[in-house]
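First the structure, in the form of structure tokens, and then the observations on it.
Order of appearance sets the numbers: ligands from 1, and atoms from 1 within every ligand.
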Amino acid sequence: MNSASDTMFDVLIIGAGVIGLALAGQLARPDRKLAILERNERFGQETSSRNSEVIHAGLYYPREFLKSRLCVEGNGLLHAWCRRHDIPHARIGKLVVAANDDEEARLADIKAMAADNGVTGLEILGKRRLRSLEPAVAAQAALLSPTTGIVDSHRLMRSFLAAAETRGAILSCRAGVTAIHRVVGGYELEINHGEYRVATKVLINSAGLHADAVAARAGIDIDAAGYRLRPCKGNYLRPSPSPSLRHLVYPLPQRNNVGLGIHATVDLAGRIRFGPDSRYLDDGEISLLQDGETTTDGPAVGKAKLYAIDEGREKDFAAAVGRYLPGIAEASLSPDMSGIRPKLQGPGDPATDFLIREESDRGFPGLIDLIGIESPGLTACLAIAAYVEKKFF
Ligand SMILES: Cc1cc2nc3c(=O)[nH]c(=O)nc-3n(C[C@H](O)[C@H](O)[C@H](O)COP(=O)(O)OP(=O)(O)OC[C@H]3O[C@@H](n4cnc5c(N)ncnc54)[C@H](O)[C@@H]3O)c2cc1C
């Protein structure tokens, strides 16, 4: 990219995660100057490559939430995109399992709410059907969601980038946005602390875990606006030997949807992983995360520390998973990876929705913020991109 701000872009997107890339794929046109700015060396190095890679059906979110609508729409769009672009994916289905009568009653509630939100094909299975589908799973009943799937998120992101580049968009890596100034007709951005500047008419903030910091840099009072993120870590462990499973298996979600409970995921190679658990970052870790944001690739040590698997999680994981997969021994679990959820919901708060808004009313016309794009953000990426285009372009 040129090192002067004499080039005025039509659209600049901050962040080359699955959301920024899906937006670029959606918005790129030969007659629109569009670029994606990414501080890391490559696209997709943060949350978009540290997740369960599940194409969710949209079971749990209240009907009025954007999360609900965009997840259900996104599920269909993503499966279709993957088929069309030859992205490895599989509609393997998900089982939400109930251990007792109380939990079985909650399954029925989830089924009713999900069906109301437009999720199709849901079925409650008794013990015998469940056994025949998944002999290793012990539960009284289960909700089968046949539209839930898995996807290769890296190949998916690459396909979005290819779609955007074909229509003239540019991805600029090692380009950390370190200052944002309002100028006539748009915004001027400083890259890497003044290394160069770029200007744009429309600025899209899809900076994931740093979307609040980016909004603040543009001039928004993030505490008054309710934009401050509460990063929440999730660890994954891998069992060896691996149980044999054909479906994703989930316990019932935590009551306030902080996480979906420690579940068993199956990847496209058939490998099983357990996780993620949920732990809000402490102040020291939040400082580390924030310090990393203004440097390209973050300080390696800080990043390694943030994403190191929390120690001593084996016992809790074995107990949680053992409720539906008996015989998982603590000693059979080893660290796999971790991710950090960009949550707007703080500890003890009610569930929050995706925040997607154009900021004219706060005095920032042409600034579009996407904040709190936690799960099901991967599933919803194409629906989010279509929503942004329809609403703001
Ligand atoms: C543990 C876990 C499990 C999950 N499981 C699922 C799942 O199974 N299914 C599902 O649908 N969703 C899941 N999600 C959610 C999903 O991963 C996210 O919603 C999605 O990846 C968010 O993508 P993003 O592009 O917004 O963020 P990111 O992938 O974090 O991308 C943001 C990008 O912005 C860049 N950036 C930040 N600041 C700057 C700056 N100042 N200048 C330039 N670039 C900057 C970053 O480097 C980063 O590359 C999960 C999330 C977690 C944490």
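Each of the atoms 42 (N), 43 (C) of ligand 1 lies under 4.0 Å from some heavy atom of Gly176. Shown in contact with Leu37 at under 4.0 Å from a heavy atom are these atoms of ligand 1, numbered in order with element: 43 (C), 44 (N). Listed by number with element, the atoms of ligand 1 under 4.0 Å from a non-hydrogen atom of Ile340 are 53 (C). Here is the list of ligand 1 atoms found below 4.0 Å of a heavy atom in Gly377: 11 (O), 12 (N), 19 (O). Atom numbering of ligand 1 starts at 1 in the shown order; those under 4.0 Å from a heavy atom of Ser206 are 32 (C), 34 (O). For ligand 1, the atoms closer than 4.0 angstrom to any heavy atom of Glu53 are 8 (O).
By the 3.5 Å distance cut-off applied to N or O atoms, Val18 is counted among the residues near ligand 1. At least one N/O-N/O distance between Arg39 and ligand 1 falls below 3.5 Å. Between Gly44 and ligand 1, no pair of N/O atoms sits closer than 3.5 Å. Checking only distances, Gln45 never comes within under 3.5 Å of ligand 1, N or O to N or O. Considering backbone and side-chain N/O of Arg50, none are found under 3.5 Å from N/O of ligand 1. Checked by distance only, ligand 1 and Ser52 come closer than 3.5 Å through their nitrogen or oxygen atoms. Residue-to-ligand polar distances keep Leu209 apart from ligand 1: every N/O pair is separated by 3.5 Å or more. Looking at Val54 next to ligand 1, an N or O pair under 3.5 Å apart turns up.
The structure places CG of Leu171 at 14.5 Å from CZ of Phe160, a figure rounded to the nearest 0.5 Å. Rounding to the nearest 0.5 Å gives a distance of 7.5 Å between OG of Ser172 and CD1 of Ile191.
Between Glu190 and Thr178, the side chains place no donor N or O within less than 3.5 Å of an acceptor N or O (distance only, hydrogens not considered). With hydrogens and angles left out, the side-chain atoms of Thr265 and Tyr236 include no donor and acceptor closer than 3.5 Å. With hydrogens and angles left out, the side-chain atoms of Asn235 and Ser338 include no donor and acceptor closer than 3.5 Å. Under 3.5 Å, the side chains of Gln140 and Asp101 contain a donor-acceptor pair of N or O atoms.
Residue contacts with ligand 1 for Tyr236 involve side-chain atoms from C-beta outward but no N, CA, C or O (heavy atoms, distance under 4.0 Å). At a heavy-atom distance under 4.0 Å, no atom of Cys71 approaches ligand 1. Counting heavy atoms closer than 4.0 Å to ligand 1, residue Arg341 contributes atoms from both its backbone and its side chain. Within the 4.0 Å heavy-atom criterion, the part of Ile14 lying near ligand 1 is the side chain and not the backbone. Only the backbone of Ala175 comes within 4.0 Å of ligand 1, judged by heavy-atom distances. Proximity of Leu378 to ligand 1, defined as any heavy-atom pair under 4.0 Å, is shared by backbone and side chain alike.
In terms of protein heavy-atom proximity, atom 13 (C) of ligand 1 is nearest to Ser375 OG, 3.5 Å. Of all protein heavy atoms, the one closest to atom 42 (N) of ligand 1 is Val177 N, 2.9 Å. Atom 27 (O) of ligand 1 has Gly208 CA, 3.7 Å as its closest protein atom, hydrogens excluded (heavy atom only). Counting only heavy atoms of the protein, atom 41 (N) of ligand 1 lies nearest to Glu293 OE2, 2.5 Å. Scanning all protein heavy atoms for the shortest distance to atom 24 (P) of ligand 1 gives Ile19 CG1, 3.6 Å.
Considering every non-hydrogen atom in both Met337 and Arg273, the closest pair reads CE-NH1, 3.1 Å.
Considering only non-hydrogen atoms, atom 19 (O) of ligand 1 lies nearest to Ile373 out of Ile373, Asn51, Ile55. The option with the heavy atom closest to atom 23 (O) of ligand 1, from among Ser48, Ala207, Gly15, Gly17, is Ser48. Of the listed residues (Lys67, Lys343, Glu38), the one carrying the non-hydrogen atom nearest atom 33 (C) of ligand 1 is Glu38.
Here the two rings, on Phe43 and His154, have centers that are under 6.0 Å apart.
A 4.5 Å side-chain heavy-atom check between Asp310 and Arg313 finds at least one atom pair inside the cut-off. Within the 4.5 Å cutoff, side-chain heavy atoms of Val137 are placed close to those of Leu245.
Taking the six-membered ring where the residue is Trp, Phe392 and Tyr387 present perpendicular rings, their angle passing 60° and hence far from 30°.
Ion pairing between a basic and an acidic side chain is recognised when a charged N comes within 4.0 Å of a carboxylate O; Arg228 and Asp223 show such pairing.
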> Does the pair Ile170 and Leu34 meet the rule for a side-chain contact (heavy atoms from CB on, under 4.5 Å), with working shown?
Replying inline: CA-CA 7 Å; Ile170 315 167; Leu34 182 148; over 6 Å; no
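Linking ILVMFWY residues whenever their side-chain heavy atoms come closer than 4.5 Å, directly or via other members, places Val266 and Phe317 in the same cluster. The cluster map of Ile, Leu, Val, Met, Phe, Trp and Tyr, joined by side-chain heavy atoms under 4.5 Å apart, puts Phe65 and Met113 in different clusters. Two different hydrophobic clusters hold Leu12 and Val183 under the rule that ILVMFWY side chains link at heavy-atom gaps under 4.5 Å.
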